[in-house]
Amino acid sequence: MSRVNFRLLAKDSRRRGSVRILAQVSSPLRRPAFRSFAAGRLVSLLGSSMAPVALAFAVLDASGDPSQLGVVLTARMVPMLCFVLIGGAVADRIPRRTVLIAAHAGGAAAQGAVAVLLITHHYGLVVISVLSAVNGILDAFTSPALRGLVPELVEKEQLRKANSLLSSIRNATKIVGPALAGVLVATAGSGPTIAVDAVSYLLAALLLSRLRVAGPTTPRTAPVLNDVRRGWQEFRSIRWVWAVTLSSAVMNLAQTGVWQVLGPPLTGEKLWGFTLSARGVGLLVMSALMYRLVLRHLLRAGQLMSVLGALPLVALGLGAGPPWVLTAAFVAGAGFSISGISWDTSLQEHVDRGVLSRLASIDDLLSFVAIPAGTLAAGPLADRFGARDVTLVAALVYGAAALGSLLFKDVRQLPHGAERSDTTGGGLPYLA
């Protein structure tokens with residue numbers, strides 16, 4: 001059936017009070033290109049979720065100095081921040097498929113080099129840091145291209161489902177990957193485990209090479225920095241985009257550092273591990289549910305639900321017992337999942353594809369810049385004012401920032417653009 005006939009049939013079915021025909025053909029997994037993309041993400045994310053565990057043990061075993069691990073991690077973060085705006089501009093200039101294949105091939109080479117160094121016992125802080133910096137630069141090109149590619153693979157009405165599936169894949173690998181890495185590191189060592197990550201990058205590049213999507217129709221000859229400036233102008237001109245992005249930056253500033261730095265000592269080693277697992281389960285459950293749940297104002301719902309991310313900080317700040325901490329972590333994970341899916345889907349539905357990667361790169365930059373600042377400030381503030389008090393204040397700031405974006409009418413009333421019937425795709429009824 002042609003797309004035109006399908007749309008007429010779907011429209012006619014709504015008049016008769018039935019949308020089951022739409023439910024039968026609306027899954028993004030019915031599209032071969034999206035299946036290849038999703039498979040590539042699964043393979044790549046599984047390897048990437050294993051690499052941090054292997055790298056941490058490799059650096060600590062080789063050097064015995066935790067500060068060297070900090071250097072290696074920073075060496076990846078700083079170049080990513082420096083190049084992410086360039087990465088967004090490049091992803092809007094040339095086919096995003098090409099950007100992703102090149103980035104994944106580069107990741108395979110860089111991680112392969114790290115694996116060889118570790119397997120041959122030639123660890124060196126400088127060379128490992130340089131390879132980590134290479135990975136950071138590749139990350140800067142990967143993320144904007146990924147977010148910009150999804151609308152090229154599926155129809156507009158399938159974006160929420162596509163993002164829900166991708167989120168489920170990402171959250172599942174966060175649960176499975178670290179545990180698998182721990183087993184591999186214990187049995188085979190850090191070098192072979194990172195070699196698995198290198199292979200996963202290579203397999204992902206091969207799967208992405210199967211995609212057949214159109215690139216930019218008008219080649220650009222102006223300098224890349226001109227495109228960066230144009231992206232910034234576009235970002236400033238769309239009020240709901242910058243309102244949510246700045247809100248998220250403040251949320252990351254208040255929450256991430258406090259959670260990562262003060263969470264472990266406030267819970268203890270055993271409870272902290274279960275807390276992270278509970279949050280991971282919440283992320284996975286809600287990302288699966290969002291495949292079916294239809295929200296008329298998706299962005300508004302995402303911003304409202306993001307407030308739930310403050311609950312674990314409240315529980316820790318009040319000294320709540322383990323059941324309350326675990327429950328709060330699970331609920332927060334669900335809130336994070338709704339927020340992330342609603343944001344990606346809203347961008348892809350309402351932002352012109354020609355600037356989508358650039359706006360995504362600005363979002364990445366502001367989000368990531370805020371995290372190191374919060375991480376550095378959490379410890380000194382806790383020493384001065386007390387860890388629990390700092391955690392409670394962080395929860396208040398986080399919640400206020402989450403709700404702050406809803407002061408803008410554009411955020412509250414942005415429609416979930418493609419879904420218009422009372423029930424869609426066999427999902428649940430519309431919620432306001």
Side-chain angles (χ1 to χ4, degrees), residues 40-41 43-60 62-63 65 67-91 93-147 149 173 177 181 190-209 224-225 228 357 360-361 364-365 367-369 371-372:
R41 293 303 295 148
V43 171
S44 177
L45 287 169
L46 184 59
S48 296
S49 66
M50 295 166 58
V53 176
L55 184 63
F57 281 107
V59 174
L60 293 175
S63 67
D65 184 0
S67 64
Q68 290 200 19
L69 179 59
V71 171
V72 172
L73 296 177
T74 302
R76 182 165 186 156
M77 176 66 73
V78 172
M80 189 276 293
L81 294 175
C82 292
F83 282 90
V84 68
L85 296 183
I86 301 295
V90 170
R93 288 171 71 101
I94 64 176
R96 296 177 175 112
R97 166 184 172 274
T98 302
V99 175
L100 291 174
I101 292 172
H104 281 75
Q111 290 297 79
V114 173
V116 169
L117 289 171
L118 296 178
I119 292 172
T120 59
H121 304 288
H122 285 84
Y123 168 85
L125 177 61
V126 173
V127 67
I128 295 294
S129 297
V130 169
L131 291 170
S132 184
V134 170
N135 278 317
I137 295 172
L138 295 172
D139 288 342
F141 287 83
T142 301
S143 179
L146 284 170
R147 295 167 76 181
L149 183 62
T173 59
S190 296
T193 305
I194 292 180
V196 171
D197 185 32
V199 172
S200 75
Y201 271 116
L202 186 59
L203 290 176
L206 293 174
L207 288 166
L208 290 168
S209 69
V224 172
L225 290 180
V228 173
S357 289
S361 70
D364 287 341
L365 176 63
S367 297
F368 289 129
V369 162
I371 291 174

K.L.:
Would you compute the distance between atom CZ of R41 and atom CG of L100 and round it to the nearest 0.5 angstrom?
P.N.:
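These two atoms lie 8.0 Å from each other.
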
K.L.:
Do V199 and V43 make a side-chain contact, defined as non-hydrogen atoms from C-beta onward lying under 4.5 Å apart?
P.N.:
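Not touching, per the 4.5 Å side-chain cut-off.
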
K.L.:
Can you name the closest pair of heavy atoms from Y201 and S48 and give their distance?
P.N.:
OH-OG, 3.6 Å

K.L.:
Name all pairs fulfilling the ring pair (Phe, Tyr, Trp, His ring centres under 6.0 Å) condition that reach into residues 122-142, sequence neighbours left out, sorted by first residue then second.
P.N.:
none

K.L.:
Can you name the nearest heavy-atom pair linking A360 to P144, along with the distance?
P.N.:
CB-CA, 4.4 Å

K.L.:
Run the side-chain donor-acceptor check on residues 70-79: report pairs under 3.5 Å with partners two or more places apart or on a different chain.
P.N.:
unit_1, atom_1, unit_2, atom_2, d
T74, OG1, G70, O, 2.8
R76, NE, D139, OD2, 2.9
R76, NH2, D139, OD1, 3.3
R76, NH2, D139, OD2, 3.0

K.L.:
Show the nearest heavy-atom pair for residues A89 and V224, with the distance to one decimal.
P.N.:
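In this case the closest contact between A89 and V224 is CB-CG1, 3.7 Å.
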
K.L.:
On a heavy-atom basis, which atom in A105 and which in A205 lie closest, and how many Å separate them?
P.N.:
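Between these two residues, the closest heavy atoms are N-CB, 4.3 Å.
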
K.L.:
According to side-chain contact (heavy atoms from CB on, under 4.5 Å), who are the partners of A113, at least two apart in sequence or on a separate chain?
P.N.:
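A113: side-chain contact (heavy atoms from CB on, under 4.5 Å) contacts with L131.
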
K.L.:
Mind listing the closest non-hydrogen atom pair of A108 and L202 along with its distance?
P.N.:
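The answer is CB-N, 3.9 Å.
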
K.L.:
Identify, with sequence neighbours excluded, every residue that meets side chain to side chain donor-acceptor pair (under 3.5 Å) alongside S190.
P.N.:
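Testing S190 for side chain to side chain donor-acceptor pair (under 3.5 Å), a comparison that skips the adjacent residues, returns none.
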
K.L.:
Taking only residues two or more places apart in sequence or in another chain, which ones pass side-chain contact (heavy atoms from CB on, under 4.5 Å) with A204?
P.N.:
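Here the qualifying residues are S44, H104.
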
K.L.:
Rounded to the nearest 0.5 Å, what separates atom CD1 in I194 from atom CG in L118?
P.N.:
5.0 Å

K.L.:
Mind checking side chain to side chain donor-acceptor pair (under 3.5 Å) for S143 and listing every partner two or more places apart, or none if nothing turns up?
P.N.:
D364

K.L.:
For the pair S200 (side chain) and D197 (backbone), establish whether a donor and an acceptor sit closer than 3.5 Å, ignoring hydrogens and angles.
P.N.:
yes

K.L.:
Run the salt bridge (charged side-chain N to carboxylate O under 4.0 Å, His left out) test against R97 and tell me which residues pass, sequence neighbours left out.
P.N.:
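R97 satisfies salt bridge (charged side-chain N to carboxylate O under 4.0 Å, His left out) with no other residue.
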
K.L.:
Taking side-chain contact (heavy atoms from CB on, under 4.5 Å) as the definition, give me every residue that meets it alongside P192, ordered by chain and number, with sequence neighbours left out.
P.N.:
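P192 satisfies side-chain contact (heavy atoms from CB on, under 4.5 Å) with I119, A188 once adjacent residues are dropped.
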
K.L.:
Within the 3.5 Å criterion, strictly below it, is a donor on S357 or R147 matched to an acceptor on the partner's side chain?
P.N.:
no

K.L.:
V369: which residues meet the side-chain contact (heavy atoms from CB on, under 4.5 Å) condition with it, sequence neighbours left out?
P.N.:
L81, L365

K.L.:
My understanding is that only one of T173, L55, T193 makes a side chain to side chain contact (heavy atoms under 4.5 Å, CB included) with M50; could you say which?
P.N.:
T193

K.L.:
Before giving the answer on side chain to side chain contact (heavy atoms under 4.5 Å, CB included), spell out for L225 and I86 the whole-Å C-alpha distance, their side-chain angles and the decisive distance to 0.1 Å.
P.N.:
CA-CA 7 Å; L225 290 180; I86 301 295; 3.8 Å; yes

K.L.:
Keeping the roles fixed (side chain from S209, backbone from L206), state whether a donor-acceptor pair exists under 3.5 Å.
P.N.:
yes

K.L.:
Within a strict 4.5 Å, meaning less than it, do heavy atoms of the I137 and M80 side chains meet?
P.N.:
no

K.L.:
Among pairs that include at least one residue of residues 113-124, which meet salt bridge (charged side-chain N to carboxylate O under 4.0 Å, His left out), considering only residues two or more places apart or in two chains?
P.N.:
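For residues 113-124: none.
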
K.L.:
Residues two or more places apart in sequence or in another chain: which of them pass side chain to side chain donor-acceptor pair (under 3.5 Å) with N135?
P.N.:
Q111

